[in-house]
There are 2 protein chains.
Amino acid sequence: MDNLALCDANNFPLTPITFLKRAAECYPNRTSIIYGQTRFTWPQIYDRCCRLTASLLSLNIRKNDVVSVLAPNIPAMYEMHFAVPMAGAVLNPLNTRLDAKSITTILRHAQPKIFCIDRSFETLSREILHLLSFDDSKLNMLVIFIDETDFPKTISSNEPNYESLIRRGEPTSSMVAHMFRVQNEHDPISLNYTSGTTADPKGVVISHRGAYLSSLGAIMGWEMGTCPVYLWTLPMFHCNGWTLTWSVAARGGTNVCIRHVTASEIFKNIQMHGVTHMCCVPTVFNILLQGKPLDLSNRSGPVEMLTGKVQRLGFHVIHAYGLTEATGPALFCEWQDEWNRLPENQQLKLKARQGVGILTLAETDVKNTQTQESVPRDGKTMGEIFIKGSSVMKGYLKNPKATLEAFKYGWLNTGDIGVIHPDGHIEIKDRSKDIIISGGENISSVEVENVLYKHHKVKEAAVVAMPHPVWGETPCAFVVLEKGETNQGVREDSLVTSERDLIEYCRENMPRYMCPRKVVFLEELPKNGNGKFLKPVLRNIANGLVVSDENTVSSKIVQQRKEKRRVNSLTSRL
Amino acid sequence: MDNLALCDANNFPLTPITFLKRAAECYPNRTSIIYGQTRFTWPQIYDRCCRLTASLLSLNIRKNDVVSVLAPNIPAMYEMHFAVPMAGAVLNPLNTRLDAKSITTILRHAQPKIFCIDRSFETLSREILHLLSFDDSKLNMLVIFIDETDFPKTISSNEPNYESLIRRGEPTSSMVAHMFRVQNEHDPISLNYTSGTTADPKGVVISHRGAYLSSLGAIMGWEMGTCPVYLWTLPMFHCNGWTLTWSVAARGGTNVCIRHVTASEIFKNIQMHGVTHMCCVPTVFNILLQGKPLDLSNRSGPVEMLTGKVQRLGFHVIHAYGLTEATGPALFCEWQDEWNRLPENQQLKLKARQGVGILTLAETDVKNTQTQESVPRDGKTMGEIFIKGSSVMKGYLKNPKATLEAFKYGWLNTGDIGVIHPDGHIEIKDRSKDIIISGGENISSVEVENVLYKHHKVKEAAVVAMPHPVWGETPCAFVVLEKGETNQGVREDSLVTSERDLIEYCRENMPRYMCPRKVVFLEELPKNGNGKFLKPVLRNIANGLVVSDENTVSSKIVQQRKEKRRVNSLTSRL
């Protein structure tokens with residue numbers, strides 16, 4: 001039984017780049033990419049990718065070399081998800097909402113051999129290159145600009161250019177044969193930074209095997225049938241578009257690429273191309289609901305409220321959860337037929353839970369962080385969400401300490417705190433570091449925020465711990481009121497009234513120990529490049545506050561308001 | 001990049017047995033098995049499997065030991081697909097339609113440590129054990145009978161029994177932790193014999209990795225959503241139910257098990273349990289169409305005709321193709337939206353093609369068997385279907401010659417002859433050994449058969465080569481006429497007339513060179529245990545025939561008719 005040897009026929013390394021070859025062969029007449037007036041079939045994208053790969057090889061790109069890219073959801077960004085790993089190299093998609101300093105930090109860390117930049121980021125990239133020029137990291141990278149294929153060329157001809165690489169690529173058949181057979185399925189395919197705002201960037205290395213499994217897991221979790229028409233509202237830089245870059249090829253689907261995520265662009269493309277699938281973070285839900293082009297104000301309200309509203313527009317919503325370290329999707333809220341009999345509000349509540357582990361994860365569990373024991377499946381007892389499986393990241397690049405920390409106890413420690421309901425569905429309650437421990441009771445800041453969001457005057461709310469002389473910690477809420485509320489001649493005393501109102505409202509809607517003892521009003525909450533609230537900043541502020549009946553916005557907050565970054569973006573939790 | 005080590009968290013061997021654990025955790029309230037009055041939930045099946053595994057381990061079952069099973073589609077058969085590999089052992093499901101001699105040949109070859117037998121096969125098994133007792137192969141196996149859980153026990157208590165193994169199994173938590181983490185994903189999970197009728201049995205060894213990938217490929221090819229209700233019309237012994245044993249667990253579905261595949265059983269269960277999916281070979285189509293319980297007469301008519309009829313009953317039909325060596329499914333006829341605009345007969349024609357390679361195969365191609373070059377995608381040029389990928393079998397047990405032959409040129413040589421259409425879909429024309437070469441022209445016996453089947457008097461038709469003094473080979477047709485036709489006082493001369501009629505009919509409906517020059521009428525065609533026509537037998541007969549205008553059924557045929565096995569069964573091509 002054991003003397004049966006593996007051979008070429010029965011042991012092919014798992015990699016999502018084979019999906020491109022299959023799509024070209026199995027769906028030769030299907031449109032692979034729609035982008036404005038541009039149309040490509042699958043054989044055309046296959047051909048373009050093979051040419052680009054040949055060019056990359058001719059530029060001396062070798063195994064494990066990093067190729068960084070700064071671009072919106074344009075065809076080039078999609079193609080690079082195949083062509084870069086087809087050359088054996090590692091794709092490093094950069095968050096386009098980061099500032100020059102953050103991107104410079106990432107580039108110094110990732111040490112790319114090539115940096116591809118969409119022409120729309122020319123100014124930003126000049127700033128990045130300027131910052132790098134003061135550098136002693138000896139980063140010797142080739143810069144390649146991406147110009148629109150259907151736009152007149154405005155660039156000087158001696159500057160390396162994406163389309164010229166494709167034009168001059170000459171893949172031989174033996175070269176092509178090697179492009180789709182990676183040496184080892186555990187080799188890296190992509191390097192995705194989860195944060196560029198700190199001095200300690202965490203570059204998540206994901207493998208061909210992990211990307212392959214996650215792409216299939218997403219297809220099955222989402223029940224994505226053959227030949228979907230997928231609208232790219234989710235940035236591809238965001239964990240490879242939650243691996244859907246590869247899933248769409250696997251399904252022979254059509255990628256509808258858009259440069260700007262606005263309501264008019266979304267609705268226009270849905271109508272023109274018969275879009276069947278799109279990924280939405282709450283921000284995109286708000287765009288859909290408000291129908292206001294260019295209004296990208298971030299609002300992460302409770303998911304069930306948004307879901308209900310979006311469903312009434314005619315969308316069928318499936319909730320998912322993931323993280324870059326899990327190579328994208330980790331949980332999908334799979335519908336249960338029994339739910340059909342429930343009233344809508346209950347359905348929405350069930351739909352807003354994160355759900356069950358995707359099929360391609362080996363194990364998913366919620367464990368007590370102290371004892372490492374599985375929590376009871378009672379929907380109440382909180383623990384940290386742990387996962388394991390071959391789709392989990394290889395680790396953090398050049399950061400063994402963080403890698404070791406993430407893989408403590410033989411699982412990926414997600415850092416997310418949740419419960420398991422008796423029906424097996426996991427619901428996230430909080431990030432582990434966002435749990436507030438008050439008098440020995442665990443308080444989920446997310447639960448308090450969810451109650452605050454239900455108040456009609458609250459637009460944004462973030463709750464963190466503040467010190468309390470008796471209870472150790474107590475919740476402190478940072479709140480942005482709805483525009484209509486704050487613009488109508490709000491005075492200092494009315495704010496104070498509002499704080500009392502809100503605390504009173506909380507007391508009516510949650511256990512007393514969970515109620516915020518302080519509410520701080522801001523015009524906007526500080527966010528990172530991914531649109532996540534910067535809770536560490538809020539915690540710093542809260543640490544300087546004391547509990548009193550009178551609320552005075554401290555000078556620290558005013559200072560903070562000046563510093564906060566004006567980046568509106570999608571949140572990074574799926 | 002390369003110094004990131006694999007660990008428990010991110011490198012979990014791929015195996016479909018993890019689907020059972022996941023189903024118990026993610027679908028705790030779902031019914032896993034319905035069988036008559038018996039109901040099990042997923043946690044119950046999980047518990048039963050863990051107990052059975054513990055018992056197998058206590059019986060000294062070790063890694064790579066073979067456990068054979070002879071049973072219809074009952075819960076025990078389903079459970080063994082998990083419990084046996086959970087013990088590290090290899091499942092060997094036996095074709096229940098084989099005779100004692102064939103099964104004995106397989107058992108001698110497979111050398112199982114345990115042989116589980118459904119009580120309904122007690123007589124057959126006694127015959128098998130009797131045959132083995134004259135044997136010097138020193139086969140020392142434990143025989144375990146499976147008795148119905150909801151039937152009164154009629155067996156003596158000192159005989160080992162399936163349910164008693166489950167009852168006395170005592171899995172410890174550390175034992176359970178090991179059950180789902182196989183040592184190596186390339187380890188064997190199942191041993192499936194493709195033929196037991198020859199002296200040279202071919203035992204296909206499939207791996208955990210291959211079974212995992214094939215199960216997922218089947219889910220995606222079939223677009224099987226979450227929580228299907230799957231009716232077991234396809235025997236589980238047939239390449240592990242085309243891997244759907246594991247797929248249903250992956251999807252948290254319900255297995256509706258039935259002991260006998262009859263029209264009344266099928267329709268009753270569809271109605272009672274809301275069946276969403278079932279697998280049908282043409283035989284089952286005929287059962288559905290005829291609605292006659294217990295009528296299992298094998299008729300492999302052209303697929304599009306059957307498909308059309310079955311669709312009119314309200315079924316949605318997806319055509320697939322596979323082989324045991326590919327660990328089940330290899331091609332799925334994925335629907336293309338453009339087909340919606342075509343008339344029904346054209347849709348059925350497109351639907352009857354075998355389709356595109358499943359997502360989890362790395363490559364699929366049709367190649368010229370001489371030059372090994374890919375055939376043009378013209379829907380005309382024939383070649384052999386080749387596949388490669390990690391779901392392909394490990395090889396044939398103790399048969400290196402056949403293994404080497406199957407893996408010639410670094411691909412699995414399927415032995416099936418087909419074309420690729422311009423839209424990328426593969427259509428099978430014939431088995432390579434069934435191609436008739438007449439005057440240098442390749443004639444597909446399947447094409448000739450398809451024309452014959454369209455004649456209203458033809459019930460079954462098999463075409464093979466017979467020697468021809470001028471053309472080398474020429475087609476010879478073996479035909480079974482519809483009952484109504486032969487029963488109405490058929491005389492020798494009317495048969496002769498019918499032969500002329502049929503040859504004339506062929507000349508009107510196909511190129512002259514393709515027409516059979518001889519038609520031999522039989523009351524039944526010889527078939528193997530899987531219901532496949534025994535073409536080698538027919539070829540032997542045809543070799544003894546000479547082309548003449550007068551047709552005389554040779555004595556060889558009469559002899560053959562006495563010998564032929566009365567086994568009605570499903571055909572083994574998907």
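Excluded from the calculations below are hydrogen atoms, water molecules and symmetry mates; all remaining heavy atoms, backbone and side chain alike, are included. Only a predicted model underlies this, so the values are computations on that prediction, with no experimental measurement involved. Just so we're on the same page: letters track the sequence lines, and every chain starts at 1.
Taking CD1 of A:I387 as the reference point, atom CG of A:L361 lies at 5.0 Å (rounded to 0.5 Å).
Contacts of B:L404 with chain A are absent, with no heavy-atom separation under 4.5 Å from either backbone or side chain. Using a 4.5 Å cut-off between heavy atoms, A:E185 touches chain B through its side chain atoms alone. For B:P422, the part lying near chain A is the backbone, with the side chain staying farther off; criterion is any non-hydrogen pair under 4.5 Å. With a threshold of 4.5 angstrom between heavy atoms, A:F180 does not approach chain B through any atom at all. For A:M393, the part sitting under 4.5 Å from any heavy atom of chain B is the backbone (N, CA, C, O) and nothing else. The contact between B:L14 and chain A is made by backbone and side chain atoms together, counting heavy-atom distances below 4.5 Å. Neither the backbone nor the side chain of B:Y409 comes within less than 4.5 Å of any heavy atom in chain A.
The shortest side-chain heavy-atom distance between B:L20 and B:W42 falls under the 4.5 Å cut-off. Residues A:W222 and A:M220 fail the side-chain proximity criterion, which asks for heavy atoms closer than 4.5 Å. Annotation: side chain of A:S207 is not in contact with side chain of A:P188 (no heavy-atom distance under 4.5 Å). In this structure, the side chains of B:L397 and B:H109 come closer than 4.5 Å at one or more pairs of heavy atoms.
Top candidate by heavy-atom pairs under 4.5 Å with chain A, chosen from B:N10, B:L6, B:V90, is B:N10. When each of A:A24, A:C26, A:A326, A:A406 is scored by its heavy-atom pairs under 4.5 Å with chain B, the top score falls to A:C26. Comparing A:D337, A:I358, A:T15 by heavy-atom pairs within less than 4.5 Å of chain B, the highest count is held by A:I358. Each of B:K398, B:E25, B:E338 has some count of heavy-atom pairs under 4.5 Å with chain A, and the biggest count is that of B:E25. When each of B:A362, B:G389, B:G225, B:G424 is scored by its heavy-atom pairs under 4.5 Å with chain A, the top score falls to B:G389. Taking B:G355, B:C227, B:A250, B:P13 one by one and counting their heavy-atom pairs under 4.5 Å with chain A, the maximum is reached by B:A250. Per-residue counts of heavy-atom pairs under 4.5 Å with chain B were compared for A:V356, A:T403, A:T364; the largest is that of A:V356. Most heavy-atom pairs under 4.5 Å with chain A, from the set B:N29, B:I426, B:T327, B:T360: that is B:T360. Put simply, of B:H425, B:R209, B:R30, the one with the most heavy-atom pairs under 4.5 Å next to chain A is B:R209. The greatest number of non-hydrogen atom pairs below 4.5 Å with chain B, out of A:T226, A:V205, A:T18, is found for A:T226. Looking only at heavy-atom pairs under 4.5 Å with chain B, the residue among A:N413, A:L216, A:L412 that has the most is A:L216. Note on A:F386, A:F19, A:F407: by heavy-atom pairs under 4.5 Å with chain B, the leading option is A:F407.
Comment: A:E334 engages B:R22 in a salt bridge, judged by a side-chain N to carboxylate O separation of less than 4.0 angstrom. The pair B:D423-B:R353 meets the salt-bridge criterion, with a side-chain N (NZ, NE, NH1 or NH2) lying under 4.0 Å from an Asp/Glu carboxylate O. Using a cutoff of 4.0 Å between basic side-chain nitrogens and carboxylate oxygens, A:E363 and B:K21 are scored as salt-bridged.
Here the closest heavy-atom approach between residue A:I61 and residue A:A89 is recorded as CG2-CB, 3.6 Å.
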**Message:** Does A:K388 form a salt bridge (charged side-chain N to carboxylate O under 4.0 Å, His left out) with B:D8? I'd like the steps, not just the answer.
**Reply:** CA-CA 7 Å; A:K388 64 169 73 172; B:D8 270 8; 5.1 Å; no
**Message:** Using side chain to side chain donor-acceptor pair (under 3.5 Å), reason through B:Q336 and A:Y27 one step at a time and then give a plain yes or no.
**Reply:** CA-CA 9 Å; B:Q336 299 177 46; A:Y27 313 102; over 6 Å; no
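Cation-pi geometry between B:K351 and B:W339 is not satisfied (NZ or CZ under 6.0 Å from the ring centre, within 45° of the ring normal).
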